[in-house]
Amino acid sequence: MKLLHTSDWHLGRTLFQESLLADQAGLLDQVFAAVVSHDVDALIIAGDLFDRAVPSREAVQLFDSFLARVYRETRAAIIAIAGNHDAPDRIGFNAALQDASRVLIRGPLDSRAAPLLLKDAFGTVAISALPYAEIFAAREAFADSAIASPADVMAAQIAEARATVLEGMRWVVVAHAFVVGGRTTETERPLGLMGGLETVPATVFDGACYVALGHLHRPQAAGADHIRYSGAWMGFGFDEAGETKSMTLVELGPDGVSQLEHLPLTHTRPLTVRTGALAELLAAGPADRGRDHLIKAVLTDEGALLDPMGQLRSVYPNVLQVERQLRRTTTTSGAVAALDDRRDPMKLIEGFLETVRGEGPTDAERAVLEATVAGLAAEED
Ligand SMILES: [Mn+2]
């Protein structure tokens, strides 16, 4: 049996106010193509379908038409859950109309803990879909006021799901959680109560032959090789620039996972960082193969620059962020020394320049500064 595992689509997300919807439509085409070309039995989307609790009309339409296309034009089952970015009720709104033999989309914690059952030559595979749930929602749903952490929520969901799986079935769990030991990026939103422990131990999934996780945006195993994050389908922060995103194609044999393959996803405008002096970047831009990428420019120039974003846009149309790189990091001793010299304006300015850019004024700058300071002193007198 073949499962295609993906997660963290964050449909409708913007990056520095730039819409990513067209990029995401391109990724949906790649997911659809993979479902067809690998003839997968089930497509799994492990949460964070949308980027926000109230997704835009365009994002909802994109998702809806994608699901309809998979349902009508392929034979794949569809399993999806709400993640911590999704509003449970908006994900699960048409649950009663779902084709129980092929579709299991769960938003809220409800009475549908029963798994989707699929058959192959080796028997039955039970796929449990466990939507992300807040602690207070779980207390109510499980009538258990002792639930106090994401680990407690997951334990309650797993116990309920496990009770529905019969002896001899292979069990696949789909969940949205932070499993101990996972590597984060800058863009996952913390789970659980403020400041509380947000992780879940991998042992909670004992008995499952594959765990399809969402939440962490890098593809990785967590605690065991069969407990995996597919990772997000595209980078959402410049710390992920240059990283390859993928879906995980999982093949189940008679005893569980028999093969794992990463299917790379290509983004037409990948997140890209370019570092250099403004003039260098402007000169290199026209021949830069990545000029249409989503760019963060790190400028190494000293001193003032006139509208660097506007200048860069003329060469890199999708530059989203401009950052200045300081040559030397600030030292506390330098700052303290500057305070001691505050009675002498020239020493104060020299100390300031040394602190923020690593060296004092040049001879030309010194001449201008001395003339200015002398002029101001004369005015005061
Ligand atoms: Mn996410």
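When a ligand or atom number is given, it counts from 1 through the structure's own listing order.
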Inset, instruction - Report yes or no: do L320 and V322 belong to one cluster of Ile/Leu/Val/Met/Phe/Trp/Tyr joined by side chain heavy-atom distances under 4.5 Å? - result: no
Inset, instruction - For the residue pair Y210 and H5, confirm or rule out a side-chain donor-acceptor distance under 3.5 Å. - result: yes
Inset, instruction - Applying side-chain hydrogen bond (donor to acceptor under 3.5 Å, both in side chains) between H217 and each of D239, D48, T187, T184, report the one that passes. - result: T187
Inset, instruction - Provide the protein N, O or S atoms situated under 2.8 Å from the Mn ion (ligand 1); waters are not included. - result: D8 OD2, H10 NE2, D48 OD2, H217 NE2
Legend entry - Distance-only side-chain donor-acceptor flag, S128 / W171, under 3.5 Å: yes
Legend entry - H10-F236 aromatic ring centre distance below 6.0 Å: yes
Inset, instruction - Say whether, by atom type as modelled, one donor and one acceptor occur between the side chain of N318 and the main chain of D292 under 3.5 angstrom. - result: yes
